[in-house]
Amino acid sequence: TVAAVAVGDDRSTEDREGLDRGATIAGIEVDLDDALATVVGWVGDATSIVALTGAGISTDSGIADFRGRNGVWTRDPAAERASTIEHYLSSTEVRADAWRRRLTSPAWGAEPNDGHRALTALHQQGRLAAVVTQNTDGLHQLAGVPGSSVIEMHGTMRRVGCIDCGDVAPMERALAR
């Protein structure tokens, strides 16, 4: 699956879904086949690559994005409240809902997909300098990119940290309680 997404445009994931051969990005008509060929050339020639990833890379692993047609926040707008620390800390209900969602998250059973494996291949070639990801699912590491090469902007669902004492532990330990 190839997805064409322009940085800086204001369209939702849903608006981008179903793009076929062309798109208007920042007011410019773009042929997606030509754009893909250009990017493939850049990656082929690059000796040091930093990959920026978000929810879209994990949708093929069965993990919903946030704002798309079947997105987490689209299906359950209240779930977005747990994404800000102020709401999370000030509401027992938000915290309880967030912990329930963690227990049943499809990410626990998700497997890396071709996008994750492509980044692993770049790492094995010695050309991947880093992956900077908004994802918390840990699929880059499960695919074989070393944790030291993955910058998790929003943390990870695989570990939990106590706000009061600073203790860090595997998430499974917290979920077992």
Side-chain angles (χ1 to χ4, degrees), residues 1-23 25-26 30-74 79-80 82-83 101-102 104-161 168-172 175:
T1 301
V2 174
V5 178
V7 174
D9 73 10
D10 60 0
R11 290 181 293 166
S12 70
T13 302
E14 183 175 325
D15 293 337
R16 289 186 193 97
E17 290 174 359
L19 290 177
D20 190 20
R21 295 286 183 231
I25 301 173
V30 176
D31 179 281
L32 297 181
D33 290 329
D34 290 345
L36 178 60
T38 299
V39 172
V40 166
W42 291 343
V43 171
D45 293 342
T47 58
S48 182
I49 298 168
V50 174
L52 308 175
T53 67
I57 196 168
S58 294
T59 57
D60 282 351
S61 293
I63 301 172
D65 63 14
F66 292 93
R67 295 177 191 87
R69 176 177 310 125
N70 295 309
V72 174
W73 297 344
T74 304
E80 188 173 2
S83 69
R101 280 190 298 278
R102 284 183 188 100
T104 61
S105 173
W108 290 114
E111 296 289 331
N113 62 50
D114 289 344
H116 300 104
R117 288 188 285 275
L119 293 173
T120 299
L122 290 171
H123 166 72
Q124 292 167 341
Q125 295 166 12
R127 298 188 308 133
L128 184 67
V131 174
V132 180
T133 187
Q134 295 181 14
N135 296 352
T136 64
D137 54 40
L139 293 181
H140 292 299
Q141 294 92 322
L142 289 175
V145 177
S148 59
S149 296
V150 179
I151 300 166
E152 296 169 309
M153 300 300 295
H154 299 301
T156 177
M157 65 174 280
R158 311 259 172 205
R159 290 185 305 281
V160 62
V168 176
M171 180 65 76
E172 293 86 354
L175 293 175

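If you read the sequence from its start, that first residue is 1, and numbering goes on from there.
Side-chain atoms of Thr74 never come within 3.5 Å of backbone atoms of Arg69 as a donor-acceptor pair (strictly under, hydrogens ignored). For Arg117 (side chain) and Pro112 (main-chain N/O), a donor-acceptor pair under 3.5 Å exists by modelled atom type. Side chain of Asn135 to main chain of Asp137: no donor-acceptor pair is present (N/O by atom type, distance under 3.5 Å, no hydrogens or angles).
Taking the side chain as every heavy atom from C-beta outward, Leu139 and Leu142 approach each other to under 4.5 Å. Here the side chains of Ile57 and Leu119 are in contact, with some heavy-atom distance below 4.5 Å. In this structure, the side chains of Val132 and Met153 come closer than 4.5 Å at one or more pairs of heavy atoms. Side-chain contact between Ser83 and Phe66 is absent, with no heavy atoms from C-beta onward closer than 4.5 Å. Proximity of Asp60 to Asp114: side-chain heavy atoms (C-beta onward) are nowhere separated by under 4.5 Å.
Shown here is Arg159, whose CZ atom has no more than 12 heavy atoms of other residues, nucleotides or ligands within 6.0 Å.
To the nearest 0.5 Å, atoms OG1 (Thr59) and CG (Asn113) are separated by 7.5 Å. From Thr136, atom OG1 reaches atom CE of Met171 across 8.5 Å, with rounding to the nearest 0.5 Å. Between the CZ atom in Arg127 and the CD1 atom in Ile49 there is a gap of 4.5 Å [rounded to 0.5 Å].
Closest approach of Arg158 and Gly138 over heavy atoms only: NE-CA, 4.1 Å. Between Ala110 and Ile63, the closest heavy-atom pair is CB-CD1, 3.8 Å. Leu175 and Arg102 get closest at one heavy-atom pair: CD2-CB, 4.0 Å. Between Met157 and Ser105, the shortest heavy-atom distance links the atoms CE-OG, 4.2 Å. Closest approach of Glu172 to Trp108, counting heavy atoms only: OE2-CZ3, 3.5 Å. For the residue pair Gly62 and Pro106, the shortest heavy atom distance occurs at O-CB, 3.8 Å.
For residues 140-153, the set of pairs meeting the side-chain hydrogen bond (donor to acceptor under 3.5 Å, both in side chains) definition, not counting sequence neighbours, comprises Thr53-His140, Gln141-Glu152.
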